[in-house]
Visitor: 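The structure under discussion is supplied below as structure tokens; questions concerning it will follow.
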Amino acid sequence: MGLNLPAQPTTNSGAFDRSETKRSEAAELLQQAHDELEQRVIERTMKLEAANRELQAEVRERQRTAEALQAAEARYHGIFMNAVEGIFQSTPDGRYLSANPALAKMLGYDSPEELMATVTDIDRQLFVSPSDRAEFKRLLQEQGFVRGFETRFCRKDGGVIWVNANAHLVRDARGAPLYYEGSNEDITERKRSLVVLRESEERFRTLFESAPIGIALHGPDGKYLQTNQAYQQMVGYADPELRVLGVKGITHPDDIAQGQEFFCEMVAGKRDSYRREKRYCHKDGRLVWAQSAAMAIRKTRGELRYILSMVEDITARKHAEEVIRLRENNNRALLDAIPDLIIRLRGDGTILDFKAPEEQGFGFSPAIDVGQNLSLLDPNPLGPLATRYIERTISSGEIQTYDFQSVVHGEVFDLETRVVTCGPGEVLAMVRNITLVKRLEKEILEISEREQRRIGLDLHDGLGSHLTGVAFLSKALEKKLQEQGLSEGELAARISNLIVQALAQTRSLARGLLPSELQSNDLLYGLGELRDTLQSVFNVECFLECDPAFAGVPTPVSVQLYRIAQEAANNAIRHGRARRIWLQLAPHEQSWHLSVADDGIGLRNTSLQSKGMGFRSMRYRAKRIGGEIILGTSSVGGALVTCRFPKQNHEEGHEQP
């Protein structure tokens, strides 16, 4: 910098002094200038040092920024490569500039490179709907971004997926579009779940509205949220009315407390469901019984969202149960009044249930337990033929009745068993003591035999003798009138013939009432006499067919068979109005069959016919010789009565006790 110094004096002291003064001033000025220069140098140095420090700080900051940028780029690259969502950059004309592995995998490609090399026109190759792509580009142009855009993409394998796209438009400094940048999320499963959810909701709505039972939704406060038509019909109130009344308003007072207890437990999380029977008060005043099932629907954390209750009207069932209960009580009283042993059995003989009379009146007291098999009981309460009749009852469905005897302490008991079906593969067997009935039947038949014998003898010895005397007198009268030439002789002859016919019929009736008088104990002869009697007395055609091998049967068996044939023939004439009767005695495999068939009206009601005294006497007589009576229909439509009895009884010739 320049200094302005004064000019030096050339003469005199004054001038010298002035000169010194000036030099002194100049020196001061020079020192002052030097100091200012030094100060300026210091200040300049300080500024340079400050600028240097700022420059160094800026350099360090730029280094940190570069490092941060590098780290950010590394993080972005990591996110880009490892992101679950597909990330992309694409040109507006539909070419990928970049794509991450997730996007390639989502679209079915092995690598991003393959995706970018293959897909050169996003509009045509990826978008299923061209209109979706057009809308996507329009939104980007107008808004600069797209959020939550859902569309369908085509995969490499031809499959279709749903994609949720988010993107924005990148422009240059002048605002011209450069490229699209964004992400794609595969929402196919979510879409499917939504479809399933909608279908489920639709099904629930359909079920809710059309269910045949009442359904209601209750809020956490217990109030009605919604009820279906069946629920409203069950209680008689419309949905708005129910929302006002609430559950308490339509519940029977005695059932409110339990319902409140269950509801509080649901709210507290102590229970999630319950079932109970309750009563509703219908709008018309009647009670409605219902089976109620409630279930708690909870939020994620367990809070009660609402209660779903399903209610079925069981009023009719309750009434039916009451009727059944009354009937069961009546049936139980009836069963208690029946003095029979009653056992319910499976087809294999397993005892399912039983009722033993308090007074054991059938000869023995078997130790019966549920679950036992009948064959293991000793004595068998149903007799030795039980298994056969149980099988026959199950297979045919018809009632089976059979008798057997039990000997206890030397005393013989006659027992009757009836077996009926009571369920699939099950039977009910009833055992009754008929010892007294059997004895009475035997006494009645013996009395009948004696009375028939007495009447037969009276007819033969009494009436027959009188008719014989009257016949002789009528013959004498006839002869005398004819000798006198009177016309009354012819009338006397006719009377004489009628008396002879009456005598013949009387003797025939007497022979029928005296079967013990069968010649040589020959049943064949007795049946022949029966045939003749039926023809002469009752004026019916009668045909007899007997196997000769049966000749010579002892009197006890012959009498029973004769009486059976006689009773069956009389029934055919009296009840069946038969005009023809066929008597047959023929052998079979292990038995003989004595059959009486007719052409009458038949057994129109077999069950009623079998209850008559005639059938009971035939049945009793058949059992006396170890046989049985079988009712059926003859080949000409009338009745067929068959007595089947074992051959050994014929060969041995004895009766059973």
Visitor: Any carboxylate oxygen within less than 4.0 angstrom of a Lys/Arg side-chain nitrogen, looking at Asp132 and Lys137?
Guide: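 So Asp132 does not pair with Lys137 through a salt bridge.
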Visitor: Determine yes or no for a side-chain-to-main-chain donor-acceptor pair under 3.5 angstrom, with Asn164 supplying the side chain and Ile187 the backbone.
Guide: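 Checked: no pair found.
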Visitor: Is the closest side-chain donor-acceptor distance between Tyr231 and Tyr224 under 3.5 Å?
Guide: yes
Visitor: For side chain to side chain contact (heavy atoms under 4.5 Å, CB included), just list the numbers for Glu150 and Arg190, CA-CA rounded to whole Å, side-chain angles, deciding distance to a tenth of an Å, and then say yes or no.
Guide: CA-CA 12 Å; Glu150 294 184 358; Arg190 190 175 75 190; 3.4 Å; yes
Visitor: As a quick check of understanding, evaluate side chain to side chain contact (heavy atoms under 4.5 Å, CB included) for Val128 and Trp162, giving each step before the final call.
Guide: CA-CA 10 Å; Val128 174; Trp162 276 94; over 6 Å; no
Visitor: Between Arg271 (side chain only) and Ser273 (backbone N and O only), is there a donor and an acceptor less than 3.5 Å apart?
Guide: yes
Visitor: Is the shortest side-chain N to carboxylate O distance from Glu322 to Lys318 below 4.0 Å?
Guide: no
Visitor: Applying salt bridge (Lys or Arg N to Asp or Glu O under 4.0 Å) to Arg138 and Glu142, what does each step give before you reach the verdict?
Guide: CA-CA 6 Å; Arg138 185 189 68 79; Glu142 294 180 359; 2.6 Å; yes
Visitor: Does NZ or CZ of Arg392 come closer than 6.0 Å to the centre of the six-membered ring of Tyr389, within 45° of the ring's axis?
Guide: yes
Visitor: CG of Asn380 to CZ of Phe404: how many Å apart, nearest 0.5 Å?
Guide: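 With rounding to 0.5 Å, CG (Asn380) is 7.0 Å from CZ (Phe404).
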Visitor: For residues Arg279 and Thr251, determine if any side-chain heavy atom of one lies less than 4.5 Å from a side-chain heavy atom of the other.
Guide: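 Counting from C-beta outward, Arg279 and Thr251 never come under 4.5 Å.
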Visitor: Determine whether the side chains of Thr227 and Gln232 contain a donor N or O and an acceptor N or O closer than 3.5 Å.
Guide: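 Thr227 vs Gln232: donor-acceptor pair found between side chains.
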Visitor: So, do Leu382 and Tyr402 sit near enough that their side-chain heavy atoms are less than 4.5 Å apart?
Guide: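 Side-chain contact under 4.5 Å: yes.
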Visitor: Quick check: does any side chain N or O of Asp598 sit under 3.5 Å from a backbone N or O of Ala572, one acting as donor and the other as acceptor?
Guide: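 Not at all, since once roles are kept as given, no pair shorter than 3.5 Å links the two residues.
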Visitor: Salt bridge check, Glu321 against Arg317: does any charged N sit closer than 4.0 Å to a carboxylate O?
Guide: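 Yes, charged N to carboxylate O under 4.0 Å.
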Visitor: Excluding sequence neighbours, so at least two apart, what forms side-chain hydrogen bond (donor to acceptor under 3.5 Å, both in side chains) with Tyr109?
Guide: none
Visitor: With a 4.5 Å heavy-atom cut-off, do Phe615 and Ile629 have their side chains touching?
Guide: yes
Visitor: Does the distance from a Lys or Arg side-chain N to an Asp or Glu carboxylate O, for Glu199 and Arg192, drop under 4.0 Å?
Guide: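 No, no charged N to carboxylate O under 4.0 Å.
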Visitor: Counting only heavy atoms not in Arg325, do more than 12 fall under 6.0 Å of its CZ?
Guide: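 Atom CZ in Arg325 is packed in, count exceeds 12.
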Visitor: How long is the gap from CD1 on Ile213 to OG on Ser292, to the nearest 0.5 Å?
Guide: 10.0 Å
Visitor: Does Lys156 NZ have over 12 foreign heavy atoms under 6.0 Å away?
Guide: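 Yes, the 6.0 Å shell around NZ holds more than 12 heavy atoms from other groups.
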Visitor: Using atom types as modelled and distance alone, determine if a side-chain donor or acceptor of Thr393 lies under 3.5 Å from a backbone N or O of Gly397.
Guide: no
Visitor: Begin with the C-alpha distance, continue with both residues' side-chain angles, and end with the deciding distance and a verdict on side chain to side chain contact (heavy atoms under 4.5 Å, CB included) for Arg344 and Glu426.
Guide: CA-CA 7 Å; Arg344 187 165 64 91; Glu426 296 181 6; 2.9 Å; yes
Visitor: Is the shortest distance from a Lys or Arg side-chain nitrogen in Glu241 or Lys283 to a carboxylate oxygen in the other one below 4.0 Å?
Guide: yes
Visitor: Side-chain donor-acceptor pair under 3.5 Å between Gln405 and Asp414, yes or no?
Guide: yes
Visitor: Donor-acceptor pair, distance only, cut-off 3.5 Å: does the side chain of Glu265 make one with the backbone of Phe262?
Guide: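 Pair absent, no side-chain N/O of Glu265 close to backbone of Phe262.
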Visitor: Is it the case that the side chains of Arg276 and Gln258 hold a donor-acceptor pair, with the cut-off being a distance below 3.5 Å and no angle test?
Guide: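 Side-chain D/A pair, Gln258 to Arg276: present.
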Visitor: Measuring from Met234:CE to Ile215:CD1, what's the distance to the nearest 0.5 Å?
Guide: 11.0 Å
Visitor: Measure across His575 and Ile601 and return the closest heavy-atom pair with its distance rounded to 0.1 Å.
Guide: O-CD1, 3.5 Å
Visitor: Inspect the contact between Arg418 and Asp340 and indicate whether a charged nitrogen and a carboxylate oxygen are less than 4.0 angstrom apart.
Guide: no
Visitor: Can you tell me if Arg432 uses its side chain to pair, donor with acceptor, with the backbone of Leu415 under 3.5 Å?
Guide: no
Visitor: Roughly how far, to the nearest 0.5 Å, is NE2 of His168 from OG of Ser183?
Guide: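 It comes to 10.5 Å.
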Visitor: Counting distance only, does the side-chain N/O of Asn166 pair as donor-acceptor with the main-chain N or O of Gly182 below 3.5 Å?
Guide: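 No; judged by distance alone, with no hydrogens or angles, the pair does not exist.
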Visitor: Keeping to residues at least two apart or across chains, list the ring pair (Phe, Tyr, Trp, His ring centres under 6.0 Å) pairs with something in residues 277-311.
Guide: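 Qualifying pairs: none.
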Visitor: Which residue in the set Thr421, Val420, Asp353 passes side chain to side chain contact (heavy atoms under 4.5 Å, CB included) when paired with Leu428?
Guide: Val420
Visitor: Look only at the side chain of Asn100 and the backbone of Leu103, and say whether a donor-acceptor pair between them is shorter than 3.5 Å.
Guide: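 Yes; judged by distance alone, with no hydrogens or angles, the pair exists.
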Visitor: Run Asn184 and Phe153 through side chain to side chain contact (heavy atoms under 4.5 Å, CB included) and show every step you take.
Guide: CA-CA 10 Å; Asn184 291 328; Phe153 276 4; 3.7 Å; yes
